[in-house]
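Residue numbers start at 1 and run along the sequence shown. Remember, predicted model here, so these are calculated numbers, not experimental data.
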Amino acid sequence: MKPKVLLQYILPHRALSRIVYWATRWTWRPWKDFLIGRIVRTYQVDMHEAAQPDPGAYQHFNAFFTRKLRADVRSADPDPLAILSPADGRVSQAGPIQDGRIFQAKGQWYTAAELLGDEAAAAPYRNGSFVTVYLSPRDYHRVHMPFGGELERTVHVPGRIFSVAPFAVQAIPRLFARNERLACHFLGNHGPFVSVMVGAILVSSVATVWDGLTIPPYAHAIKVRDCRGRGIHLERFAEMARFNMGSTVILLFPEGVQLDNLSPDQVLRVGQRIGGYT
């Protein structure tokens, strides 16, 4: 086992994530300007796309990391039946769900039931399709709706907080089904779908547009929140959540969705077509 993979097993994931959570909200100008400048330079972040293009204008690092984009730099595919990319990032994997099994990387698989924390909830997706999108530090970190739908419930599944960088995804079995995550179950005009926000080491904080900060606190048992009757309907392309720092989002669809030919490492942009309802 390579040292950087071994470290994933022995590092105090939650303690480190708590430290980073507070460090990225420190408003002391020399500190936050140093962090922001380091990311902008290292990852060549295009600040011209941001609603606030001045890196020094952000209150703290997390405000920069969750920055809004200008309204004119992303748009939804005009086909009303098109499934949209939920985030800026790269395709980790995409394709059919095979008898409830989802491909991770290099011979690694996990099940939809493990990911969702519920065998019954996974049943509609047994032979459906999935898309896994990895958000790197350079990316826009807000997650949008792939299709319009009514929020039925959220499921906060406890777990580890392994890195979701490509080296970890290739080496750690069932990684996405082991990390702390929030599964958001929607009912759209053409059936159900799920958007799963997967936490990662140092970046395990998730906020939704309907409840605000959801993770942390970290869970010690599965927490199901019934959202029926709350009238939470989000339109296609609308913002639904954000990673405070970054991570991975996984979409699950039942049969009836035809994915486009998506390749690993393919660059995606919010609103880009990734498939469609048949």
Side-chain angles (χ1 to χ4, degrees), residues 4-5 8 13-14 16-17 20-21 43 65-66 83-95 97 101-106 108-112 114-117 125 129-146 154-185 193-208 214-216 218-219 239-253 259 262-270 272 274:
K4 64 180 180 180
V5 176
Q8 294 298 310
H13 292 178
R14 291 186 175 184
L16 286 173
S17 290
V20 171
Y21 179 90
Y43 293 96
F65 219 81
T66 58
I83 300 294
L84 307 179
S85 172
D88 281 13
R90 291 179 180 270
V91 175
S92 177
Q93 296 291 338
I97 300 173
R101 299 170 69 240
I102 299 172
F103 183 59
Q104 181 174 296
K106 282 193 172 181
Q108 307 282 5
W109 296 76
Y110 58 95
T111 69
E114 290 175 322
L115 180 68
L116 301 180
Y125 309 102
S129 54
F130 78 97
V131 180
T132 303
V133 182
Y134 168 63
L135 289 74
S136 76
R138 70 173 296 171
D139 291 315
Y140 168 64
H141 283 87
R142 301 190 182 198
V143 177
H144 291 238
M145 295 289 287
T154 61
V155 182
H156 182 178
V157 185
R160 299 294 301 273
I161 316 176
F162 293 113
S163 170
V164 293
F167 81 88
V169 172
Q170 293 174 8
I172 299 176
R174 301 172 38 256
L175 185 152
F176 298 126
R178 296 168 72 177
N179 272 18
E180 192 108 5
R181 56 203 179 274
L182 183 73
C184 303
H185 294 258
F193 60 91
V194 187
S195 181
V196 183
M197 308 280 287
V198 182
I201 194 166
L202 306 184
V203 294
S204 57
S205 179
V206 174
T208 64
T214 303
I215 306 173
Y218 300 114
E239 180 185 341
M240 61 155 288
R242 67 184 66 172
F243 287 111
N244 296 308
M245 301 290 279
S247 192
T248 291
V249 58
I250 303 173
L251 301 178
L252 302 186
F253 298 101
L259 293 180
L262 302 174
S263 303
D265 292 327
Q266 179 179 335
V267 174
L268 295 178
R269 292 290 178 261
V270 168
Q272 175 183 338
I274 58 173

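Residue Leu259 comes nearest to Ser129 through the heavy atom pair CD1-CB, 3.8 Å, listed as atom of the first residue, atom of the second, then distance. Closest approach of Gly89 and Val133 over heavy atoms only: CA-CG1, 4.1 Å. The two residues Ile201 and Leu16 come nearest to each other via the heavy atoms CD1-CD1, 4.4 Å. When all heavy atoms of Arg101 and Trp109 are compared, the closest pair comes out as NH2-CG, 3.3 Å. Listed here is the closest heavy atom pair of Ser85 and Leu268: OG-CB, 3.6 Å. Nearest approach of Ser92 to Pro264, heavy atoms of both residues: O-CB, 3.7 Å.
If you run side chain to side chain contact (heavy atoms under 4.5 Å, CB included) between Leu182 and each of Val155, Val198, Thr154, only Thr154 comes through.
Not a single donor-acceptor pair under 3.5 Å links the side chain of Arg181 to the backbone N or O of Val196. Glu180 places no side-chain N or O within 3.5 Å of a backbone atom of Arg160 that could act as its donor or acceptor partner. A donor-acceptor pair under 3.5 Å links the side-chain atoms of Ser205 to the main chain of Ile215, judged by distance alone. With hydrogens and angles disregarded, a donor-acceptor distance shorter than 3.5 Å links the side chain of Gln104 to the backbone of Leu175. Distance alone, capped at 3.5 Å, places no donor-acceptor pair between the Ser263 side chain and the Gln266 backbone.
Residues Asn179 and Thr248 fail the side-chain proximity criterion, which asks for heavy atoms closer than 4.5 Å. Put simply, the side chain of Tyr134 does not reach to within 4.5 Å of the side chain of Val169, judged on heavy atoms. Side chains of Pro173 and Arg178 form a contact here, defined as non-hydrogen atoms less than 4.5 Å apart. By the 4.5 Å heavy-atom criterion applied to side chains, Arg242 and His141 are not counted as neighbours. For the pair Leu251 and Ser195, the minimum side-chain heavy-atom distance is below 4.5 Å.
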When you look at Tyr218 and Ile161, which way does the side chain to side chain contact (heavy atoms under 4.5 Å, CB included) test go after all the steps? CA-CA 10 Å; Tyr218 300 114; Ile161 316 176; 3.9 Å; yes
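Distance check: Ile97 CD1 to Leu252 CG gives 5.0 Å after rounding to the nearest 0.5 Å. Considering CG of Asp88 and CZ of Arg138, their distance stands at 10.0 Å, rounded to 0.5 Å. If you take CG on Leu116 and NE2 on His185, they are separated by 5.0 Å, rounding to the nearest 0.5 Å. Taking CG of Leu135 as the reference point, atom CE of Met197 lies at 8.0 Å (rounded to 0.5 Å). From Phe103, atom CZ reaches atom CD of Gln108 across 8.5 Å, with rounding to the nearest 0.5 Å. Atom CE of Met240 sits about 13.5 Å away from atom CZ of Arg142, to the nearest 0.5 Å.
The aromatic rings of Phe176 and Tyr110 sit perpendicular, their planes meeting at an angle over 60°, well past the 30° parallel limit.
Taking a 6.0 Å sphere around OH of Tyr43, one finds it holds 12 or fewer heavy atoms contributed by other residues, nucleotides or ligands.
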